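So the structure is just underneath, and the comments pick up after that.
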There are 2 protein chains.
Amino acid sequence: MAKASAREQVAPLDRREMAAWHSLIHAHAKVTRQLEADLEAEHGLTLPGYEVLAHLSEAPDRRLRMSDLASFAVLTPSGLTRLVDKLSAAGLVERARCGADARVVYAVITTEGLRRLRAAYPTHLRGVRDYLIDRLGAKQLDALADALGPLSADCPIRL
Amino acid sequence: MAKASAREQVAPLDRREMAAWHSLIHAHAKVTRQLEADLEAEHGLTLPGYEVLAHLSEAPDRRLRMSDLASFAVLTPSGLTRLVDKLSAAGLVERARCGADARVVYAVITTEGLRRLRAAYPTHLRGVRDYLIDRLGAKQLDALADALGPLSADCPIRL
DNA sequence: ACGGAATACTTGCGCGAGCAAACTTCTTGA
DNA sequence: TCAAGAAGTTTGCTCGCGCAAGTATTCCGT
């Protein structure tokens, strides 16, 4: 096998590859920023905050382990700790210890949290539609999930 | 035309729509975090920092207006000011005033900046290939750029 | 030609969040 | 049984970066 020398040149990205990469970055930034601005303005929620509430509301027993919640919400464990601190201070979420394993902590959505989530839901829904889904055809939508889904395969998403 | 009442229910996102939305968030997070970790570890550059250098190196006269650079790099003007401050302190970029319009400032990449960029290029290239492009087929690559490109076509980032 | 609006950039401030290290609790191998 | 190590969470520290306000310059209507 030929070993790559330090001077060996690698082919640069071609136009299509560059376009795919840049469109991913820019589209993501644009969509999430608009969505977050709406949620913030209308309901005082951040996007990660909303997603935490949404995931909890759909989880069995309305609770999830901190570490699982972290990967759902695309946050590091420490990031999730702070976010749950904040949501907890706002009364939207509570912590509960696990009887079986004293290391794990559950985050549980409160009744008030469910209320806020339901109130914010239309805003989020409209945002996802306006900024993403309605700008794509059905084929493009499938292609998008098809292409990007496997990239985050090890981040379990309940679908 | 029926006017939507306050109580009118909107259909929730279906499975495909949810999948597209979540895959966008998770894939973006995964790819950019890995890429940034590599750049940071091997060359002490952040991803936005790398992209600023890359855009400058390809610009006519190796310079771009701050505001143009901001939208390329997916940053707000203020965010770009700090980033250019940092790159400037590291000697990778310089500021230059514009003779024709005293309001505009150009960011210009230095020789040292070009050196650092060239050194980091293989890392970035490999990252984009490993974490994104090589995991997609040619068709998926086109579909991705095709679907996401228009979302940010009009204005790259401005809200 | 002049004063108000628009444009380009920078600063004050604050917050979200990542990394590394510290605890705590559970597991496992000798 | 009892370390040693792994797993889950939290804390200390730090920094990137967005928003709003401030400054400097240019444009435009009258």
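Here the structure is a predicted model, which means the values were calculated and not measured. All chains are named by letter (A, B, ...) in the order of the sequence lines, taking the proteins before the strands, and each is independently numbered beginning at 1.
- When every heavy atom of B/Leu64 is checked against every heavy atom of B/Ala59, the shortest pair comes out as CG-CB, 3.6 Å.
- Closest to the side chain of A/Arg82, from the set D/dG12, C/dC9, D/dT25, is D/dG12.
- The 5' end of DNA chain C is approached more closely, in terms of each residue's nearest nucleotide, by A/Thr46 than by the other of A/Thr46 and A/Ala100.
- Side chain of A/Ala102, nearest nucleotide from C/dT10, C/dC26, D/dT25: C/dC26.
- We find that CG of A/Leu69 is positioned 11 Å from P of D/dT10, with the value rounded to whole Å.
- The side chain of A/Thr81 has D/dT11 as its nearest neighbour among D/dT11, C/dA17, C/dA8.
- With C/dT10, D/dT10, C/dT7 as the candidates, the nucleotide lying closest to the side chain of B/Arg103 is C/dT7.
- Between A/Glu36 and A/Arg33 there is no salt bridge, since none of the side-chain N atoms of the basic residue sits less than 4.0 Å from a carboxylate O of the acidic one.
- Spacing between atom CG of B/Leu80 and atom P of C/dT7 amounts to 19 Å, rounded to whole angstrom units.
- On a pure distance criterion of 3.5 Å, a polar donor-acceptor pair joins the side chain of B/Ser78 and the base of D/dC19.
- For B/Glu51 and D/dG16, the CD to P distance is 16 Å, given to the nearest whole Å.
- If you take CE of B/Met66 and P of D/dT23, they are 19 Å apart, rounded to a whole angstrom.
- Listed here is the closest heavy atom pair of B/Ser57 and B/Arg62: O-CG, 4.5 Å.
- Between B/His55 and A/His22, the two ring planes are tilted [angle within 30° to 60°].
- Across A/Asp130 and A/Arg135, no two heavy atoms sit closer than the pair O-NE, 2.9 Å.
- A/Leu87 has its CG atom 14 Å from the C1' atom of C/dC15, to the nearest Å.
- Considering only the side chain of B/Val105, C/dC9 comes nearest among C/dC9, C/dG18, D/dT9.
- The CZ-P distance, from B/Arg97 to D/dT26, rounds to 10 Å in whole Å.
- Of the candidate nucleotides C/dT10, C/dG18, D/dC17, D/dC17 has the atom nearest to the side chain of B/Leu75.
- Rounded to whole angstrom, the span from the CG atom of A/Leu64 across to the P atom of D/dT9 amounts to 11 Å.
- Counting to the nearest Å, the C1' atom of D/dC15 and the CG atom of B/Leu45 are 16 Å from each other.
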